[in-house]
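Comments concern the structure below.
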Amino acid sequence: MGGGPAGRGRWQGRRAGRGPRRAQRFGPCSPRPPAHCPSGLVVRGPSARRLAVAARLQLPEDAARPERSMPGIVVPPGEARRSSDSRGSSAGSGRIPAAEGWLPRPAGALAPVSGVGTRTGGSCSSGRGKPGWAALSAAQGPERRRPLGPARSPASAGPALGRWRFGGVSTAWTWTSRPPPASGQAPGPPVAYREPPRARTRPASAPPATRRRAGGCLALPPSLPACPSRPTAPLMPVPRALTAQQPRCWTVLPHGRPAPQHPAFTGGSLTKLAYYSTVQHKVAKVRSFDHSGKDAEQDHEPPYEISVQEEVTARLHFVKFENTYIEACLDFIKDHLVNTETKVIQATGGGAYKFKDLIEEKLRLKVDKEDVMTCLIKGCNFVLKNIPHEAFVYQKDSDPEFRFQTNHPNIFPYLLVNIGSGVSIVKVETEDRFEWIGGSSIGGGTFWGLGALLTKTKKFDELLHLASKGHHTNVDMLVQDIYGGAHETLGLSGNLIASSFGKSATADREFSKEDMAKSLLHMISNDIGQLACLYARLHCLDRVYFGGFFIRGHPVTMRTITYSINFFSKGEVQALFLRHEGYLGAIGAFLKGAEQDNPNQYSWGENYAGSSGLRSSPPEPCPSQRTRGGAFDLLEMDRLERPLVNLPLLLDPSSYVPDTVDLTDDALARKYWLSCFEEALDGVVKRAVASQPGSVDAAERAEKFRQKYWNKLQTLRHQPFAYGTLTVRSLLDTREHCLNEFSFPDPYSKVKQRENGVALKCFQRVIRSLDALGWEERQLALVKGLLAGNVFDWGAKAVSDVLESDPQFGFEEAKRKLQERPWLVDSYSKWLQRLKGPPHKCALIFADNSGVDVILGVFPFVRELLSRGTEVILACNSGPALNDVTYSESLIVAERIAAMDPVIHSALREERLLLMQTGSSSPCLDLSRLDKGLAMLVRERGADLVVIEGMGRAVHTNYYASLRCESLKLAVIKNSWLAERLGGRLFSVIFKYEVPAE
Amino acid sequence: MGTTFCWLGRRSHILCWRQKDVAKAWRLISWRREWRHPRKMLLNQLEAVAAIPARYDDNVDLRGGRADAQSWMNFRAFPWFGMDIGGTLVKLVYFEPKDITAEEEQEEVENLKSIRKYLTSNTAYGKTGIRDVHLELKNLTMCGRKGNLHFIRFPSCAMHRFIQMGSEKNFSSLHTTLCATGGGAFKFEEDFRMIADLQLHKLDELDCLIQGLLYVDSVGFNGKPECYYFENPTNPELCQKKPYCLDNPYPMLLVNMGSGVSILAVYSKDNYKRVTGTSLGGGTFLGLCCLLTGCETFEEALEMAAKGDSTNVDKLVKDIYGGDYERFGLQGSAVASSFGNMMSKEKRDSISKEDLARATLVTITNNIGSIARMCALNENIDRVVFVGNFLRINMVSMKLLAYAMDFWSKGQLKALFLEHEGYFGAVGALLELFKMTDDQ
């Protein structure tokens, strides 16, 4: 089994010397490469820590990203000569204004508290969640609630935000973020939460010394105001997990971008800091007891133990912040570089040229310039491959305005139109092959420059704001202005612009700024759209992605460009935009710097908790928002333990949409589900607190979780498209991510443990009663068992209420709850008929819940299949989600069942029953992102039956999924609203057996 | 079929119709004309029909001896006007007959005479009307009559004054038909009828453009060629205007740069399609220039542009990369971002009006060039003919277009220009006058 302990990576092993050994790791199948040197720098020293910093810097004032300004237009040689004179002045402005203005950056304010910070046993810290830089990590052990960082009072410091997870591969990020201490106040100790170690567990309570990480504790000047509208936005995350053998990749990318939010900074550009942190986090693992004794069989004894381990995983962070902080940023980098051997900082973009000296002087690093376009395209490929719903089309006047595209398995070829100062049009054919096929000099710089001249408005976003209020028809000469009213009889659209700014030449009057800005916007958008169409047609491409600071999520630009593309291509070409368009260069630069690490061999997932979503409206240039700290937009991506691929059994991977209902589309359903999740929040919070009885700060963290998730739900209420297509799945996943963020990696671990214990005791009885039945009754009983097991779902409020109130609620009670046949969707007869035929070769079963579901529902079913001669692959979640059975739990459960049941025992031994992990930690199932090992096994064994169980996997997702083989979708509807919608009642049964058309 | 040309119908329909029934139609027309004009009854009907295929674009027939055979058509009452009412400018061509016989002179009404005198003896009309004397086509035979073709323009905003004048001069008494094309033909039709009691004959502007262009090119420019190109466009020292023979013009990409820009792919004299267009044209140049520099006329704007330096305004590749951007093979002198330097406040404050005018001109021109080049590639055409009044007295743009075409296509594309840049539509409209039936 690919995910078995044998697959432990080398690099994890190496870490053992410095810290407690992790008991078991169902970790990456591909071993992490050893420490590497991203930029060809020679790494020496015992720590062998290295850091690659890529800086993408640009002038703040004329800050349009130059790399995006691929000129399409030439100047005749005669002019070219003259232009050299102008270079002097442009170079002159290449100084970074010191971070002056409203944000004084006192030298000490951002000082590293090295020596203190490094004592933090926690590995990684981040400014997440707080407008402070402060970052401390916790997790030194329960008894060690002691000052970890600079001494701070608990009151001012706030709780630690170590993340915890229990289960096979769970995570607990041991980094914290805290507000800066008030000046003069003695810093107190941060409070760390730690799961008390169990008796036979070797917890990850390493001495701090062995857990030492680089990095310090940073504090932000207290004067820096918090972002009012997004309290969780950090100013700048502080990576802390500079583990000795972890390659470190940093990318600092101050993009020359207009940033309207910042009044003190003329033309304030955005800087993007991209870094790769290895975050050390707590994992809770389940481990089977030593079976030498019989004590495990005792009543009230859990069937397995939950132990706390530590693990390191990688996370990509991308932060946008304003260029005002560039010096602060450089200081910060410097502070963290002092003790490393890094000699090179990677820089890309025009700013790399301008800021080269500053960087080299300040950081004493060689600036290694990266090609901008390469970075951009690398980044684009990366997000298209790794982030579902990354691309969207924009439709004005439709609800929702954003229509997300499901990820096409083959993203190539496509056209990337990057609108920076100028426009670059690049044709991307493969991962590494792309070609600049053209460009135009009329781009964002033109809009900004010309707009500034025309309207005397200095800032890019203000210009856009003006444009959104104007009427271009006052300035442009339209077809109807030339043709009068006759355009209609001629079949012409009178609203077409015949000549941009045509009226300003003839009419003797003043034009309003708004109208001019709008006209300018139309002119430029149309022009770009036209060129993009011409290039797309010339190269026979129909997918055109737009990016660059001109777009930057501004609805008004997206709208005009979409309109223009539709107009000029007559609908043949689709204008696509990217959610994380602004990060493409940063991601690409990072990938380039980390090439030896090869992030592309992994799959990555967007962390909904740590990422700020898409905004529907351009940032209003209002002062309140200007007071945000630098960072106002974040993207975090977790490196998934395992590479994810399509299930090979999908009928058409390119058209597969996992989710059944698009909540962005379905306003009624959206309203219901958002309310539903809001209502369920209390219960989740309670459960989370209850799951960590030994923790003093659990309640506090749970409250923070509540706040965070509540805020996310409110965001989604107003901007359903913030994280791509809104679905029940994304809501569930967001909740999991938020729980993790606040160190509740597996709130149901104890519930699952108890239920597994109870169910295991019933297993033999259930099997006996099944075996007593005749064949036909047995088949029905098995199916009913599966369904009854599925009732035990803590995710469903209707059930969790019952389970909470009635601890005696058992398998039989659940069976009674079930709807009688005929079920809501009932193809059981067909299934029975099929069972009378030849056995399946191999069945792939996606299990749902721990406890009764998997033990009394799934395993008897599996046993029957096995005895029919069918091989079974039982796929469970890699990480915990609700009370879903995890892979590691399934291993133990299978082991325990095998001890009781010879059929399962021999099947396991002969590898006719294989336990696999799905690669997911979601209550739902995305068949296009499944563990590669599982996919390979499915192909190898020639699976011809797929059983998908549970509401999350078979109703919220995959209900309409078409497979190339037979499929069985089973679920009990445990939500009355949904049941009603489907035309049934609570505990209605879905039994959907499908045979693909020949 | 009747007697209508279906000008308002779809172009393809017209094309079809013409190809199939053109001879029949002409025959019908000539019959009717003779019937109405007994003066010409003597004309051999066979001759008239034979003359039909000998259209204006057939230079041999028109310039050669058979032109006389066409004299059956010179019944068409003077004055002969062709009009192209664009968004910014009205282009008017006027045929001044030089072969007026004494008999005709006597017959000629006073009104007509005064129009002729007024137009031919002045070079400026009112405040804004101008006759482009240098473009006058002398000693031209049109429709069997010898004379001069005058080219007059005035701003579209003066259209109402023009109509008023027509009304005052009692133009309608001449029983002439005004052939007009361009959007204004539709826009002002009502005014012409109401105010001046004139019936406009509205014509499709693209048809007129192509027919006019082919005609003017065929008659030449007073013995000189109409079409020219720039030799060595990439080398400013060696760049020279050279005549070009457009005898076999097809296929050609015709880029008409008026207020806006239309791009046509022309495959034969009546087989063409509009490929695309852009709203960034002459109107945009003038409009932006007016807003940016406070200038008022095209001439003023161009004058400023000629003195300016766009590289102060535009951000060049080398401004960003310090030199050429080799990755994409871009020269350092290429414009990365038009008006890109204007993002900086200090540069905005220090920039001259001339530089701004120049940058506007360069931006608009380059953009047209870029779109035209892409269309030429898409349509697989290697001759690009630039016409339109945006090019009037605009050597900067012409050289820039010639340069851009040559540079980006590595010499594959040729930019061609014509002396009568903006008047082809009007000429085309005039030609339509000769093809008309009376009851239109």
Side-chain angles (χ1 to χ4, degrees), chain A residues 61-62 64 66 69-80 82-83 86-87 89-90 93 266-267 350 353 371 373 421-422 436 440-443 445-446 448-450 452-454 458 477 482-484 486 497-506 523 526-527 530-531 534-535 537-538 568, chain B residues 8 87-88 157 183-184 186-187 236 259-260 276 278-281 283-284 286-288 290-292 309-312 314-322 327-328 330-331 333-345 347-348 363 366-367 370-371 374-375 377-378 399-400 403-404 407:
Chain A
E61 172 59 28
D62 43 358
S69 51
M70 292 312 115
I73 306 263
V74 288
V75 175
E79 307 200 357
R82 272 183 281 163
S83 72
S86 67
R87 292 229 329 116
S89 55
S90 84
S93 59
T266 47
Y353 297 79
D371 178 67
M373 220 56 206
S421 323
W436 182 83
S440 163
S441 68
I442 300 185
T446 315
W448 196 356
L450 203 46
L453 286 168
L454 289 172
K458 292 189 194 100
M477 188 184 284
I482 297 178
Y483 276 80
I497 304 172
S499 176
S500 297
F501 286 91
K503 277 184 190 160
S504 56
T506 48
M523 173 178 114
N526 283 339
D527 193 55
Q530 179 171 25
L531 278 170
L534 286 167
Y535 279 104
R537 194 172 299 159
L538 193 62
F568 285 108
Chain B
L8 300 183
T88 315
C157 49
F186 298 87
K187 185 180 177 183
S259 311
T276 186
T278 168
S279 68
L280 281 87
T284 315
L286 185 54
L288 282 177
C290 291
L291 292 171
L292 292 173
D309 178 3
S310 65
T311 57
N312 296 335
D314 294 342
K315 191 173 269 193
L316 306 187
V317 169
K318 65 179 169 203
D319 293 339
I320 297 169
Y321 294 99
R327 183 82 176 72
F328 290 156
L330 292 169
Q331 292 180 331
S333 60
V335 182
S337 173
S338 299
F339 287 88
N341 281 341
M342 294 298 96
M343 289 186 279
S344 139
K345 183 170 181 344
K347 287 192 181 170
R348 278 203 298 274
T363 302
N366 274 332
N367 188 56
S370 165
I371 292 172
M374 286 308 298
C375 290
L377 278 176
N378 269 330
K399 287 198 171 168
L400 198 54
Y403 173 75
F407 180 85

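Note on naming: letters A, B, ... go to the chains in the order of the sequence lines (proteins, then strands), and numbering restarts at 1 for each one. Because the structure is a prediction, the values reported are computed rather than measured.
In this structure, CZ on Phe186(B) lies 12.0 Å from CD1 on Ile482(A), to the nearest 0.5 angstrom. Atom-to-atom distance recorded for Leu450(A):CG and Arg348(B):CZ is 11.0 Å, nearest 0.5 angstrom. We find the OG-CG distance between Ser279(B) and Asp527(A) to be 7.5 Å, quoted to the nearest 0.5 Å. To the nearest 0.5 Å, atoms OG (Ser370(B)) and OH (Tyr535(A)) are separated by 5.0 Å.
With a threshold of 4.5 angstrom between heavy atoms, Leu531(A) approaches chain B through side-chain atoms but not through N, CA, C or O. When heavy atoms are compared at a cutoff of 4.5 Å, Ala452(A) approaches chain B by way of both its backbone and its side chain. For Phe568(A), the part lying near chain B is the side chain, with the backbone staying farther off; criterion is any non-hydrogen pair under 4.5 Å. Within the 4.5 angstrom heavy-atom criterion, only side-chain atoms of Met477(A), from C-beta onward, approach chain B.
Contact of the Leu330(B) side chain with the Trp436(A) side chain is registered, since non-hydrogen atoms from C-beta on lie closer than 4.5 Å. With a 4.5 Å cut-off on side-chain heavy atoms, Thr284(B) and Met523(A) count as touching. The closest side-chain heavy-atom distance from Leu453(A) to Leu291(B) is not below 4.5 Å. With a 4.5 Å cut-off on side-chain heavy atoms, Leu534(A) and Leu377(B) do not count as touching. Within the 4.5 Å cutoff, the side chain of Leu288(B) has heavy atoms near those of the Leu454(A) side chain.
Considering all non-hydrogen atoms of both residues, Cys290(B) and Ser504(A) come closest at CB-O, 3.8 Å.
Not a single donor-acceptor pair under 3.5 Å links the side chain of Ser441(A) to the backbone N or O of Ser337(B). With hydrogens and angles ignored, the 3.5 Å screen pairs a side-chain donor or acceptor of Ser499(A) with a backbone N or O of Ser259(B).
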Checklist entry - How far apart are the C-alpha atoms of Thr446(A) and Asp314(B), what are their side-chain angles, what is the distance that settles it, and do they pass the side-chain contact (heavy atoms from CB on, under 4.5 Å) test? => result CA-CA 9 Å; Thr446(A) 315; Asp314(B) 294 342; over 6 Å; no
Next on the checklist: One pair to check against side-chain contact (heavy atoms from CB on, under 4.5 Å): Met343(B) and Lys458(A). What are the steps and the verdict?
Outcome noted: CA-CA 8 Å; Met343(B) 289 186 279; Lys458(A) 292 189 194 100; over 6 Å; no
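In terms of heavy-atom pairs under 4.5 angstrom with chain B, the leader among Gly443(A), Gly449(A), Ser500(A) is Ser500(A).
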